Amino acid sequence: MTRRGDIAGFSNAVAIAGVGETDYSRASGRTELMLSLEAITAALADAGVEPREVDGLMKWWVDTSTEAEVAANLGIADLAWWGEINQAGNVGGALVAHAAAAIHAGLANVIVIYRGVNGRSGRRYGRGDVTGQRGRGGGAFSEPYGLLTPQHGLAMATRRRMFETGVTSRHFGMQAVAQRVHANRNPRATFHDRPLTLEEHQASRLIVDPFHLFDCCLETDGGGALVLTSADRARQRGRPVPLIRAAAQAGPGIGSPAARIASRLFAIAGIERDDIDVIQIYDHFGPFVLFALEDYGFVADAGRLVEEGGTAFDSGRLPVNTSGGHLSEAYMQGMNHLIEATRQIRGESTAQVADVAFSFCDTGIGTGAVILERGEP
Amino acid sequence: MSSGPWQFERPPDLPVPQPAEEAEQFFAALRAGRLAIQRCTSCGALAHPPRAMCRDCQGVDFDWQTMSGRAEVYSYVVTHQAVHPALNGYTPMATVEVVLAEGPHLTTNLVDVPPDEIEIGMAVEVVFEDVGDDVVLPLFRRSHLS
Ligand SMILES: [Zn+2]
């Protein structure tokens with residue numbers, strides 16, 4: 001196969017061989033460790049991999065289940081690679097990049113990326129339980145004035161962007177409705193049985209203005225896991241193979257992280273924005289879906305795109321967040337987006353886009369992103 | 001409720017600054033009634049929040065430049081739901097990002113502008129709010145300067 005811009009050696013050499021998740025709820029009734037273990041065993045069964053074959057574990061830095069606990073429960077004989085990435089929820093794509101590079105380098109054969117969290121019944125992100133700094137660090141300059149939770153700082157950025165570009169709350173509502181339609185098709189989704197209209201979005205209470213209730217993600221108890229291994233091994237399952245065509249991350253820097261990561265990611269992938277068939281974007285707050293679509297270079301005016309219904313799964317244009325996303329499926333800090341991006345490659349989504357060759361997944365507004373390609377079994 | 005002009009009431013349970021070492025002088029200047037921003041003595045770059053090293057020239061020597069106190073509203077949010085316990089009973093409450101005439105951005109509150117009257121671009125100026133325990137915060141009011 002010839003590729004342009006073949007920078008990352010792991011391109012198409014590593015695959016997401018299996019995915020798994022628990023039920024999503026407001027009160028799981030079990031520990032975060034148990035949620036991770038249930039998701040991991042489901043993902044391993046999906047991949048056709050025995051637990052003892054796992055030799056790599058990676059986790060969100062904020063995840064409370066250590067690799068040692070998980071390894072002990074899975075009966076792992078020789079854990080050869082583990083790690084986590086510092087920041088909050090937004091590290092899923094970066095974990096995929098690290099794991100793919102490690103497998104390609106021969107440091108591990110099967111790496112499981114897991115997330116298990118009681119995000120509603122336990123520590124609540126929306127209340128700053130996880131990210132609050134109690135006046136320390138950068139918090140010394142924001143928290144004393146009432147910026148206490150993730151929604152505060154992001155609402156500040158949203159208001160400025162509305163001022164600069166003319167995008168409106170109605171545009172945010174249109175995307176929220178598009179995602180709810182996807183969730184209404186997805187039995188796993190928290191809002192599977194609850195339709196949403198634009199009028200209901202606009203009438204929903206203000207949480208932190210300009211964010212209405214339905215601009216904010218859910219709070220969810222649940223678990224999810226990915227199994228990464230060589231493309232050759234994944235092909236043995238006899239179904240379309242979600243090959244990792246490209247994965248990259250972007251940390252602090254100058255300018256939009258999404259714009260910085262996009263130039264790297266598409267250069268590695270050797271494809272163009274137009275080649276992408278379906279998109280998942282980290283929607284802790286729905287307005288950021290529109291901002292990311294612009295910053296990644298998919299579209300110049302995301303407000304117009306949603307006015308035209310262009311993010312619906314059956315629009316034939318730029319389907320976005322086809323499981324319902326964080327707004328309407330579950331808030332699993334990007335794990336559910338990675339699972340959905342994988343299902344789109346395998347043709348197994350409940351809002352399946354036709355003939356997906358390339359599936360794009362942002363996992364934190366530019367801090368990490370992945371392009372999957374459908375490989376033949 | 002008292003009549004008279006609207007006045008910001010600061011929720012008493014909001015965190016107070018616990019500054020890192022490189023930020024201590026920012027708060028010391030506020031106690032002395034000055035809004036001062038960290039300046040690299042090698043290249044003159046202003047930095048806020050303060051840093052250990054100048055990101056432009058990697059210098060580590062700084063002085064503190066007193067600002068004019070003039071600023072403009074850059075963005076703002078209004079908390080309607082008490083998403084954090086410190087905000088219970090104090091909603092709606094506005095938090096504002098201002099851009100100082102000299103360039104740096106600060107997060108702050110406006111002491112004399114009700115949340116529904118705040119606008120991006122509004123001219124404001126610094127006031128020094130003693131919140132107790134030897135902590136003074138830089139808040140802002142409508143500009144009285146021409
Ligand atoms: Zn300097």
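Everything quoted here is computed from the prediction, not taken from an experiment. So that the names make sense, note that chain A is the first sequence line, chain B the second, and so on, each numbered from 1.
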Next on the checklist: Using a 4.5 angstrom heavy-atom cutoff, name the option from B:T107, B:N109, B:L87 with the most pairs to chain A.
Outcome noted: B:T107

Checklist entry - Would one find more than 12 heavy atoms of other residues, nucleotides or ligands at under 6.0 Å from atom CD of B:E9? => result no

Next on the checklist: A quick test of your reading: do over 12 heavy atoms of other residues, nucleotides or ligands sit less than 6.0 Å from CD of B:E21?
Outcome noted: no

Checklist outcome for this item: Under a 4.5 Å heavy-atom criterion, the part of residues 94-102 of chain B in contact with chain A comprises B:T95, B:V96, B:E97

Checklist entry - By a 4.5 Å heavy-atom criterion (distance strictly below it), what part of A:Q151 contacts chain B: side chain, backbone, both, or neither? => result side chain

Checklist outcome for this item: Cut-off 4.5 Å, heavy atoms of chain B, and the answer for A:R136 is both

Item to check | Atom group of B:P138 that falls short of 4.5 Å from chain A, counting heavy atoms | outcome: both

Item to check | B:A86 versus chain A, the contacting section by heavy-atom distance below 4.5 Å | outcome: side chain

Checklist entry - Given the options A:G153, A:A140, A:P144, A:A157, which has more heavy-atom pairs under 4.5 Å with chain B than any of the others? => result A:P144

Checklist entry - Quick one: does A:R159's side chain have a donor or acceptor within less than 3.5 Å of a partner on B:Y76's backbone? => result yes

Checklist entry - Above 12 or not: heavy atoms from other molecules or residues under 6.0 Å from CD of B:Q7? => result no

Next on the checklist: Pair A:L148, B:L14 - check side chain to side chain contact (heavy atoms under 4.5 Å, CB included), show working.
Outcome noted: CA-CA 9 Å; A:L148 296 163; B:L14 285 174; 3.7 Å; yes

Item to check | Nearest-0.5 Å distance that lies between atom CG in B:L137 and atom CZ in A:F141 | outcome: 10.5 Å

Checklist entry - So what's closer than 4.5 Å to chain B heavy atoms on A:R205: side chain, backbone, both or neither? => result side chain

Item to check | Candidate pair A:Y145 and B:L139, rule side chain to side chain contact (heavy atoms under 4.5 Å, CB included), full reasoning | outcome: CA-CA 9 Å; A:Y145 312 97; B:L139 304 188; 3.7 Å; yes

Checklist entry - Under a 4.5 Å heavy-atom cutoff, which of B:H48, B:M93, B:R55 has the most pairs with chain A? => result B:H48

Item to check | A:R160 (side chain) donor-acceptor with B:I120 (main chain) under 3.5 angstrom | outcome: no

Checklist outcome for this item: Within residues 26-41 of chain B, the residues sitting under 4.5 Å from chain A by heavy atom, in sequence order, are B:F26, B:F27

Checklist entry - For B:V16, is it the side chain, the backbone, both, or neither that has a heavy atom closer than 4.5 Å to a heavy atom of chain A? => result backbone

Next on the checklist: Measuring only between side-chain heavy atoms, which start at C-beta, is B:S75 closer than 4.5 Å to A:M156?
Outcome noted: yes

Checklist entry - If you round to the nearest 0.5 Å, how far is CG of B:D116 from CG of A:D209? => result 10.5 Å

Checklist entry - How many angstroms lie between CZ in A:F163 and CD in B:E119, if you round to the nearest 0.5 Å? => result 9.5 Å

